[in-house]
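Working notes, beginning with the structure itself.
We count residues from 1, following the sequence as given. Note that ligands are numbered from 1 as they come in the structure, with each ligand's atoms numbered from 1 the same way. For clarity, every value in this text was computed on a predicted model and none was experimentally measured.
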Amino acid sequence: MSFKFDLEEAVRFDKMDELASFRDEFYIKEGQYYLDGNSLGLLSKKAEQAVMDLLTSWRDYGIEGWMEGDHPWFTLSESLGDKTAPLIGAKASEVIVTGSITVNLHQMLSTFYKPEGKRTKIAADELNFPSDIYALQSQIELKGFNPDEQLIKAESVNGTTLTIEEIDQVLTDEVAVLLLPSVLYRSGQLLPIKEITKRAHEKGILVGFDLAHSIGAVPHELHEWEVDFAVWCNYKYMNNGPGGSGGLFIHEKHHGKLPGLKGWFGSDKNKQFDMAHTFTQGDGAGAYQIGTPNIFSTAPLIGSLELFEKAGIEKLREKSLHQTQYIADFVEKELIQFGMKKVTPSTDEERGGHIALQHDSAASICKAMKARGIIPDFRAPDIIRLAPAAFYTSYQDLYEAMQIVKEIMETETYQSFSNERNVIA
Ligand SMILES: *Cc1c(COP(=O)(O)O)cnc(C)c1O
């Protein structure tokens, strides 16, 4: 199907959109086109209400709030883990809401990375987010090794995406653990998680994925695909707010494995308050929690997950793919002539929730967009990311935003903005 890119078409798409009513559940600034839900999702009314509810439970119950109220704090991480499970194709016991990506990665590596004999390396990729790489480096250092030798990274020939052959290169018999993102944060390429896991397992390598850019946007089958572990944050497509608690998945076959980083919130809940100096680990993914959960940074997820349950991840994915296709096709038709290059793969199977565009003046173009009410994000040195959020981006928004971008490129108004990134990009 090809798009017409006119207003009438956008209005028609909005009318046909089964998810259109969810837009009213979110706080959307008048006159703004928010295309940055992949960096920080917007606040929903349900998430706001959930935070208020937990403040009220603190007010009303004091310490009893750990066990009383509609959402007892003591089991909140577990109950939200249960509700997250359908989004990633996991069993309830395999998921826990806790920590942040980097902390959870440290926990998973501390648990799974056991260099032995010849198998001492960790494999990753050269396009991954720096924090993931830092965590891998320190885990190698903690084992007394040199990361320059023990961390190997799949190299991308085109500098933006990875082929299965490029990933195969690092799957050697010296590798203990492979860590990859599900979706590359710059280009938006969705990697073939099932196929990679199969190939790594054939080589005796444990496999972990960072779902930062896929959870809440793309359905997964982590249990069935036998992924060993996964980590994610909830402030991107999950709309859990800035610094909101993240999550981790640990496959059932590994349950009972001693957490590399023990803490009392990983205890068997009935034993936790025995205050014994011997750690009795809890069941399933809950055992990999460390300390007391950040209740107020977890609260928004109560409301947010209700919305996911109502909408269904399959429906959200369908709309997201249609909207990213709209942007991709518009770029091909109207923006290529201005030196804008799409680096996101074209097929649905290889596309996450955002479209990435490359341009030498990307930083100034982003500033020009912001001046016109479009919120994109910029990744140095030359990438513009545009992420429609299926929950709250309307087709009319997309239509108007793309027309504005075209105008900015045609008139070159971006030339009046500096091509330097801001502190937060
Ligand atoms: C957003 C993101 C992070 C951020 O990590 P935090 O520990 O949550 O700050 C890490 N890795 C990837 C791939 C990301 O996209």
Options Val103, Asp132, Asn128, Asn104, ranked by nearest heavy atom to atom 11 (N) of ligand 1, top entry: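 Comparing heavy atoms across Val103, Asp132, Asn128, Asn104, the nearest one to atom 11 (N) of ligand 1 lies in Asp132.
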Ile101 and ligand 1 - part of the residue with a heavy-atom distance under 4.0 Å: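 Under 4.0 Å from ligand 1, Ile101 contributes backbone and side-chain atoms.
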Side chain, backbone, both or neither: the part of Pro181 lying under 4.0 Å from ligand 1 by heavy atom: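 No part of Pro181 comes within reach of ligand 1.
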Suppose I only count heavy atoms of [X] and a 4.0 Å limit; which atoms of ligand 1 are within that range?
| X | answer |
| --- | --- |
| Tyr235 | 1 (C), 4 (C), 5 (O), 6 (P), 8 (O), 9 (O) |
| Lys236 | 1 (C), 2 (C), 3 (C), 14 (C), 15 (O) |
| Asp210 | 11 (N), 12 (C), 13 (C) |
| Thr102 | 5 (O), 6 (P), 7 (O) |
| His213 | 15 (O) |
| Ser100 | 7 (O), 8 (O) |

Ring centroid separation Tyr185 to His354 under 6.0 Å: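 Between His354 and Tyr185, which both carry aromatic rings, the centre distance is not below 6.0 Å.
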Output field: ring centroids Phe229/Phe209 closer than 6.0 Å: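 Between Phe229 and Phe209, the centre distance exceeds or equals 6.0 Å.
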Between [Y] and [X], is there a side-chain donor-acceptor contact under 3.5 Å, judged purely by atom types and distance?
| X | Y | value |
| --- | --- | --- |
| His223 | Glu94 | yes |
| Thr84 | Asp82 | no |
| Gln139 | Gln150 | no |
| Ser320 | Gln323 | no |

Of all pairs that satisfy salt bridge (Lys or Arg N to Asp or Glu O under 4.0 Å), the ones with a partner from residues 205-218, not counting sequence neighbours: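 Pairs touching residues 205-218 that pass the test: none.
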